[in-house]
Amino acid sequence: MMMRKISYLTGRMFLAIIFISAAAAAAYGRTSVAELESRIGRYIADKDARIGVAVIIDGCDTAEVNGSQFFPMLSVYKFPQALAVAEHCRRHGVGLPDTVRVSADEMKSDTWSPMRDRFGAVNVGLPLLALLEYSLQQSDNNACDVLFRMIGGPAVADSLMNKWGYGDIRIRSTEDEMHRDTDLCLVNCCTPLEMARLLDDFNTGIRLRSEENRAIASLMESCVTGRDRLARPLTDTPAILGHKTGTGDVDSQGRLIAVNDAGYVNLPDGHRYAVAVFMASSAYGLEDTSRMIADISEIVYSQIAL
């Protein structure tokens, strides 16, 4: 009887130790998230811009500052648009090698377009993968609008976000429409929290659903824009970053409409995080605003990885 009692007490003590350890780990997690939010909050407190940041760590811990406010996405929306392209491929039997016709009048002259610079204002046929490369890797506005035309317009991508449960990502107009009316930049918007959630879900599941989604991940992980933003503090680290940037024009008040970067980071120890940084109405130039995104990226990386 005494031996059974000792075994019973030992078992209860073991369970108590597990419970205490789990509680301590949870408390540490909460403390770390609070510290990360505090560090970001202190950094942005004196900045003359409206700034929103969201970080999702290992799919469970979330740190955010102004994470529920809406911000213009600008070219960050080319990421959810690409997911709509992948869904279009699944539904209609389209493959990455398939040719998409691009007409001369789709090679707009007054917008950012490495594709137009390469081919000129001529009719051309390009593999779908090439259009995704231009849009995701180089943020080509003409390629983006060709993809919108292919899937049936921004409303199709917007509907997909709603269907998948990302209703705070709103896709309403094309790149050409935004260029002709800069106020439309404000209606293509999202919250940092929603974009970070989509990025985390993409990194841990959506990317595996199809060849097209795997290609999207590869393209985002070889993105050539915004190397002075989220990527800058990660350059000499083993971290893998997949991201999409967005860069706006100067508004009538002389302020940048928005400068953004949003992505996911995979660390060599198996940990991961998704991070979305949106900067609207910045009083600073592009270089300084991009540097602020890099500083926030460094704060996040140093808190999680170091």
Side-chain angles (χ1 to χ4, degrees), residues 73 75-108 111-166 169 171-176 188 195 198-225 240-246 262-264 266 274:
M73 284 187 287
S75 287
V76 171
Y77 87 155
K78 291 168 182 168
F79 163 55
Q81 182 215 39
L83 299 181
V85 171
E87 184 68 6
H88 176 87
C89 291
R90 184 186 70 81
R91 288 178 172 272
H92 298 278
V94 178
L96 293 173
D98 289 352
T99 298
V100 179
R101 307 307 302 183
V102 182
S103 66
D105 63 2
E106 288 179 304
M107 297 289 200
K108 306 293 184 185
T111 192
W112 171 255
S113 180
M115 178 179 68
R116 179 208 57 236
D117 295 343
R118 167 69 177 81
F119 295 102
V122 298
N123 297 329
V124 65
L126 294 174
L128 173 57
L129 178 59
L131 286 170
L132 285 169
E133 288 173 348
Y134 276 119
S135 183
L136 289 174
Q137 284 185 325
Q138 302 185 57
S139 208
D140 191 297
N141 293 334
N142 286 331
C144 174
D145 282 354
V146 171
L147 292 171
F148 270 137
R149 186 254 298 163
M150 183 187 110
I151 66 174
V156 173
D158 186 70
S159 177
L160 181 68
M161 290 298 100
N162 277 289
K163 178 182 176 182
W164 284 2
Y166 305 100
I169 296 176
I171 303 171
R172 306 291 166 79
S173 58
T174 66
E175 286 284 358
D176 184 52
N188 286 325
M195 185 57 69
L198 176 61
L199 284 158
D200 188 60
D201 290 345
F202 174 77
N203 187 32
T204 57
I206 297 173
R207 67 185 293 168
L208 303 175
R209 291 179 184 174
S210 68
E211 180 185 359
E212 290 76 24
N213 283 309
R214 287 189 289 274
I216 290 168
S218 177
L219 294 173
M220 290 178 65
E221 289 170 16
S222 54
C223 178
V224 300
T225 62
I240 296 173
L241 168 69
H243 67 125
K244 186 70 198 76
T245 59
Y264 58 85
N266 292 321

Check the side chains of Ser139 and Ser75 for a donor-acceptor pair under 3.5 angstrom, ignoring hydrogens and angles. yes
Determine, stepwise, if the pair Leu126 / Val146 fulfils side-chain contact (heavy atoms from CB on, under 4.5 Å). CA-CA 11 Å; Leu126 294 174; Val146 171; over 6 Å; no
Looking at CD of Gln81 and CD1 of Ile169, how far apart are the two atoms once the value is rounded to the nearest 0.5 Å? 13.0 Å
With side chain to side chain contact (heavy atoms under 4.5 Å, CB included) as the test, pick out the partner of Val102 among Asn123, Leu131, Val122. Leu131
Between Val76 and Gly246, which heavy-atom pair has the shortest distance, and what is it? CG2-N, 3.8 Å
Enter the distance from Thr111:OG1 to Glu175:CD here, rounded to the nearest 0.5 Å. 6.5 Å
Which heavy-atom pair separates Ala82 from Ile216 by the least distance, and what is that distance? O-CD1, 3.3 Å
Between Glu106 and Arg149, is the closest basic N to carboxylate O distance under 4.0 Å? yes
For Lys78 and Asn141, what are the C-alpha separation, side-chain angles and deciding distance, and is it a side-chain contact (heavy atoms from CB on, under 4.5 Å)? CA-CA 9 Å; Lys78 291 168 182 168; Asn141 293 334; 2.8 Å; yes
Other residues, nucleotides and ligands only: do more than 12 of their heavy atoms fall within 6.0 Å of CZ on Arg118? no
Does anything in residues 87-103 pair up under salt bridge (charged side-chain N to carboxylate O under 4.0 Å, His left out), and if so which pairs, sequence neighbours excluded? Glu87-Arg90, Glu87-Arg91
Could you grab the distance from atom CG of Leu96 to atom OG of Ser210, nearest 0.5 Å is fine? 8.0 Å
Side chain Asp158, main chain Ile171, donor-acceptor under 3.5 Å: yes
To the closest 0.5 Å, what do you measure between CG (Leu136) and NE2 (His243)? 11.0 Å
Mind telling me whether Phe202 and Tyr264 have parallel, tilted or perpendicular rings, with 30° and 60° as the class edges? tilted
Side chains of Ser113 and Lys108: any donor to acceptor distance under 3.5 Å? no
Hey, does the side chain of Glu212 reach the backbone of Cys89 with a donor-acceptor pair shorter than 3.5 angstrom? no
Looking at every heavy atom in both Arg207 and Ala217, which two are closest together, and how far apart are they? NH2-CB, 3.4 Å
Donor-acceptor contact below 3.5 Å, side chain Asn266 vs main chain Ile240: no
Measuring from Asn203:CG to Leu208:CG, what's the distance to the nearest 0.5 Å? 9.0 Å
Report yes or no: does Asp140 contribute a side-chain atom to a donor-acceptor pair with the main-chain N or O of Met115 at less than 3.5 Å? yes
For Ala274 and Leu199, which heavy atoms make the closest approach, and how far apart are they? CB-CB, 4.1 Å
Could you walk me through whether Leu198 and Ile206 pass side-chain contact (heavy atoms from CB on, under 4.5 Å), step by step? CA-CA 9 Å; Leu198 176 61; Ile206 297 173; 4.3 Å; yes
Short side-chain donor-acceptor distance under 3.5 Å, Asp176 and Thr174: no
Does Met73 offer a backbone N or O that forms a donor-acceptor pair with the side chain of Asn188 under 3.5 Å? no
For Ala143 against Tyr134, the heavy-atom pair lying closest together: CB-CB, 3.7 Å
Starting at OG of Ser173, measure out to OH of Tyr77 and round the result to the nearest 0.5 Å. 5.5 Å
Report the C-alpha separation of Phe79 and Met195 in whole Å, then their side-chain angles, then the decisive distance to 0.1 Å, and conclude whether the side-chain contact (heavy atoms from CB on, under 4.5 Å) test is met. CA-CA 10 Å; Phe79 163 55; Met195 185 57 69; 4.0 Å; yes
Any idea which heavy atoms bring Pro127 and Pro97 closest together, and the distance? CB-O, 4.0 Å
With side-chain hydrogen bond (donor to acceptor under 3.5 Å, both in side chains) as the test, would you mind laying out the steps for Glu133 and Ser222 before giving the verdict? CA-CA 10 Å; Glu133 288 173 348; Ser222 54; over 6 Å; no
